[in-house]
A.B. asks: 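Structure below; questions to follow.
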Amino acid sequence: MSTQSDYSWARAAVTLLAGVLLTSGTVRLAAADESADKSDIVTEKRVPAALNAIAVHNGMVATDEAGDIVPAVGPALVPASGSPVAGPAPLPGIRQSGFVYCVSGVVNTFNPQMASSGVTVDTLSAQLYDRLLAVDPYTYLLIPELAQRWEVLDNGATYRFHLRKNIVFQHTAWFTPTRTLNVDDVVFSFARMFDTHHPWHGVNGGNYPYFDSLQFPQTVQSVKRIDNETVEFRLESHDASFLWHLATHYAPVLSAEYADQLTASGHQEQLDRLPVGTGPFMLNEYHTGQFIRLSRHQQYWRGLPRMVQVVINLSSGGIGRLSSGGIGRLSRLLTDECDVLAYPAASQLSILRDDPRLRLTLRPGMNIAYLAFNTRKPPLNDVRLRHAIALAINNQRLIQSIYYGTAETAASLLPRASWAYDNESRVTEYNPAKARAILRELGKTSLPLNLLVPTASQSYNPSPMKTAELIQADLAQVGIRLTIIPVEGRFQEARLTAVNHDMPLFGWSTDSNDPDSFFRPLLSCAAIGSQTNYARWCDPEFDALLHKALFSQQLASRIDAYHDAQQMLAQQLPVLPLASSLRLQAYRFGIPRFGAQPVRQCVLRRRLSR
């Protein structure tokens, strides 16, 4: 059966789904809209007692006589003033005031400016922070967020933003704001990243992967205060993609007042570890590698969020004493331990569809799964070998076995939904005989290679390990002995950025519809230094095409440049595009605000209801 037709059907059906919870790989907790009942719905479902008492104090937990987790006694949080404070105020039971969201991942920072992907960007950023601009998930058009309006001047070389008034920062155990958002916060947030001489630039490492890959420290001339509510960005030259980059979740607005207090107290490192933003939810508790508890921002500028709290379960096992049992992610949903399951494996769709207690949602996303080749390491520096490997991989089988009709085979690094997608792009044919002939010609009839594979499921690949095993089997048929190396967490980052790997199986997702959000972070020369170009491929001609597209405000000219870029990638093949997928999310029917009209009333979605 054709998975391409299944995918096309699914894309058409998506527009009919009222239960959309997740878009473009990022979740957003919804505030109350003006027309809806503002009372919280209480469900009768019960939760393991451990959920109601997750402790955070430096990862230390204790259990009561029944074996359930209770708050542990440990070091108190240190606020900006430098004096200890009590831990977060206790919250009511999770099922009486919120829900449990299960997702795989590791949190290394709470500041998305310093992350390249993962839970911080895909899940947390939209809860903790706001941006100047956002992207409408249905139309992919830019819309106001913290900036109520903006102006493009000097043919795209100057951008001026006018901020909303009376936006309040979160009041946490470690920071009490004394003023509302103003231009100083915007200037601080971006000057820290773009100005290498800024006193905060090097704090916690000084790496800002997304914007470093775009060379913004070299191209942003200044971020200047015009008045208390107007900020101006001046670039070295015009950039047609600039607004789109500010609308990604890599561009949150932080509190300059909080930063000043941390500087005075000598605790600057806390800025990225104890977050303060203007988003609908704020950090309440964090148990390393297990749970994050978010509580609602009582003075959120769009209205009071419906949920009092949300627990984000990061573990691959269960909660508390259940974690040692190795309960899988699907099992946790089926046993009421999770209310919402992000990125379920496509092979589990039949189980999810057949269970009357569950609901499944699909949503198109701007994402790509790909296989990168380390082009700076022999023998993969030979483009002929890269093409031989591509010919040996049965991509259609990957689509059937991994995505079950919820993805389409990728012919380009750009998803088909992009306005710059080249319709002349063609999927690499599956031709193992031709692959073997090329390998014989190269004298590589028995070739050992390694494949680095992140273990956690992702929005663009729900089953990375199974994908790797299928690729391994395909390559074995042509004489390539592939060793799979599972990587995760900080180890994953270290291995993927090392120079001695052969091939990483990876992917990319963004909420931006601008092609520059794919090409420059993944394959520009600058992205090697920012550690997001896993192919370590650098071609000045390719970079020149990207810059040509940026310098033009004419859409047709930009499309021509991006088409040329895609044709170059098809020839040089630094990465092999595999799939562009729909977003899957499963949730339990009947949890608060996930009823008959979840679009306006649900809590897990990327943007707030308007």
Side-chain angles (χ1 to χ4, degrees), residues 54-60 71-89 106-116 118-121 123-130 168-182 184-193 195 198-209 211 249-279 281-295 297 312 314 489-490 493:
I54 301 171
V56 174
H57 305 295
N58 292 340
M60 295 194 297
V73 178
L77 296 170
V78 179
S81 63
S83 57
V85 298
V106 176
V107 175
N108 296 325
T109 177
F110 280 97
N111 183 355
Q113 295 174 333
M114 310 192 82
S116 58
V119 175
T120 300
V121 176
T123 303
L124 292 174
S125 181
Q127 320 309 330
L128 300 173
Y129 303 101
D130 290 307
V168 179
F169 280 97
Q170 296 151 359
H171 183 156
T172 68
W174 47 90
F175 175 67
T176 301
T178 63
R179 62 167 177 80
T180 57
L181 172 83
N182 65 28
D184 293 338
D185 303 304
V186 179
V187 172
F188 166 75
S189 300
F190 290 97
R192 179 198 183 187
M193 292 190 291
D195 181 1
H198 192 278
W200 274 85
H201 181 80
V203 173
N204 290 329
N207 296 316
Y208 308 93
F211 285 106
H249 287 293
Y250 297 99
V253 174
L254 313 178
S255 168
E257 183 186 19
Y258 178 39
D260 289 342
Q261 290 191 21
L262 290 174
T263 298
S265 66
H267 292 94
Q268 287 182 304
E269 74 284 349
Q270 289 187 7
L271 183 74
D272 308 311
R273 301 171 185 172
L274 296 177
V276 172
T278 60
F281 283 78
M282 58 189 182
L283 180 65
N284 182 271
E285 295 182 278
Y286 175 44
H287 187 322
T288 304
Q290 295 295 316
F291 306 97
I292 299 169
R293 188 190 296 269
L294 304 178
S295 58
H297 182 189
I312 299 173
L314 302 172
R490 293 186 182 276
E493 293 182 2

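Nothing fancy with the numbering, it's 1 onward along the sequence.
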A.B. asks: Could you work out, with ring pair (Phe, Tyr, Trp, His ring centres under 6.0 Å) as the rule, every residue matching H201, not counting sequence neighbours?
C.D. replies: Y208

A.B. asks: Test side chain to side chain contact (heavy atoms under 4.5 Å, CB included) on T120 and N108 and set out the steps.
C.D. replies: CA-CA 8 Å; T120 300; N108 296 325; over 6 Å; no

A.B. asks: How far apart are the closest heavy atoms of L294 and I292, and which atoms are they?
C.D. replies: CD2-CG2, 3.8 Å

A.B. asks: Would you check if the side chain of Q113 reaches a backbone N or O of S189 as a donor-acceptor pair within less than 3.5 Å?
C.D. replies: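 Side chain of Q113 to backbone of S189, a donor-acceptor pair under 3.5 Å: yes, one is there.
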
A.B. asks: Donor-acceptor pair, R192 side chain versus W200 backbone, under 3.5 Å?
C.D. replies: yes

A.B. asks: With sequence neighbours left out, what residues match F110 under ring pair (Phe, Tyr, Trp, His ring centres under 6.0 Å)?
C.D. replies: Y286

A.B. asks: For the residue pair P275 and Y129, what are the closest heavy atoms and their distance?
C.D. replies: CB-OH, 3.2 Å

A.B. asks: So do the side chains of V107 and L314 get within less than 4.5 Å of each other, counting heavy atoms only?
C.D. replies: yes

A.B. asks: Are the side chain of D185 and the backbone of S255 linked by a donor-acceptor contact shorter than 3.5 Å?
C.D. replies: no

A.B. asks: Do H267 and E269 have side chains that approach each other closer than 4.5 Å (heavy atoms only, starting at C-beta)?
C.D. replies: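 A side-chain contact exists here, since the closest heavy-atom pair is under 4.5 Å.
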
A.B. asks: Quick one: pull up OG1 in T123 and NE2 in H249 and give me the separation to the nearest 0.5 Å.
C.D. replies: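 These two atoms lie 10.0 Å from each other.
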
A.B. asks: Where do W174 and V276 come nearest, in terms of heavy atoms and distance?
C.D. replies: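 Heavy atoms only, the tightest pair is NE1-CG2, 3.6 Å.
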
A.B. asks: Counting only N and O atoms by type, is there a donor-acceptor contact under 3.5 Å from the side chain of Q170 to the main-chain atoms of F281?
C.D. replies: yes

A.B. asks: Quick check against the 3.5 Å criterion: does S125 have a side-chain atom that pairs as donor or acceptor with the backbone of P112?
C.D. replies: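 Judged by distance alone, no pair lies under 3.5 Å.
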
A.B. asks: Taking all atoms of both residues into account, what is the closest heavy-atom pair of T176 and H171, and its distance?
C.D. replies: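 That closest heavy-atom pairing would be OG1-NE2, 3.1 Å.
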
A.B. asks: Taking the side chain from H297 and the backbone from G279, do they hold a donor-acceptor pair closer than 3.5 Å?
C.D. replies: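 Yes, the answer is positive, given that a donor and an acceptor are paired below the 3.5 Å cut-off.
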
A.B. asks: Do any N or O atoms from the side chain of E257 and from the backbone of T178 form a donor-acceptor pair under 3.5 angstrom?
C.D. replies: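 Checking the backbone N and O of T178 against the side chain of E257, a donor-acceptor pair under 3.5 Å is found.
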
A.B. asks: What closest approach, in Å, do M114 and N204 show between heavy atoms, and which atom pair accounts for it?
C.D. replies: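 The pair with the smallest heavy-atom distance is CE-O, 3.3 Å.
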
A.B. asks: Would you please say whether a donor-acceptor pair under 3.5 Å links the side chains of T278 and D130?
C.D. replies: yes

A.B. asks: Rounded to the nearest 0.5 Å, how far apart are CG of N284 and CE of M282?
C.D. replies: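 Reported value, rounded in 0.5 Å steps: 7.0 Å.
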
A.B. asks: Checking Y250 side chain against S116 main chain: does a donor-acceptor pair fall under 3.5 Å?
C.D. replies: yes

A.B. asks: Test side chain to side chain contact (heavy atoms under 4.5 Å, CB included) on L254 and L271; report intermediate values, then the result.
C.D. replies: CA-CA 9 Å; L254 313 178; L271 183 74; 4.1 Å; yes

A.B. asks: Working to the nearest 0.5 angstrom, can you tell me the gap between Y258 OH and Q261 CD?
C.D. replies: 9.0 Å

A.B. asks: Are the side chains of F188 and H198 in touch, meaning some heavy atoms are under 4.5 Å apart?
C.D. replies: yes

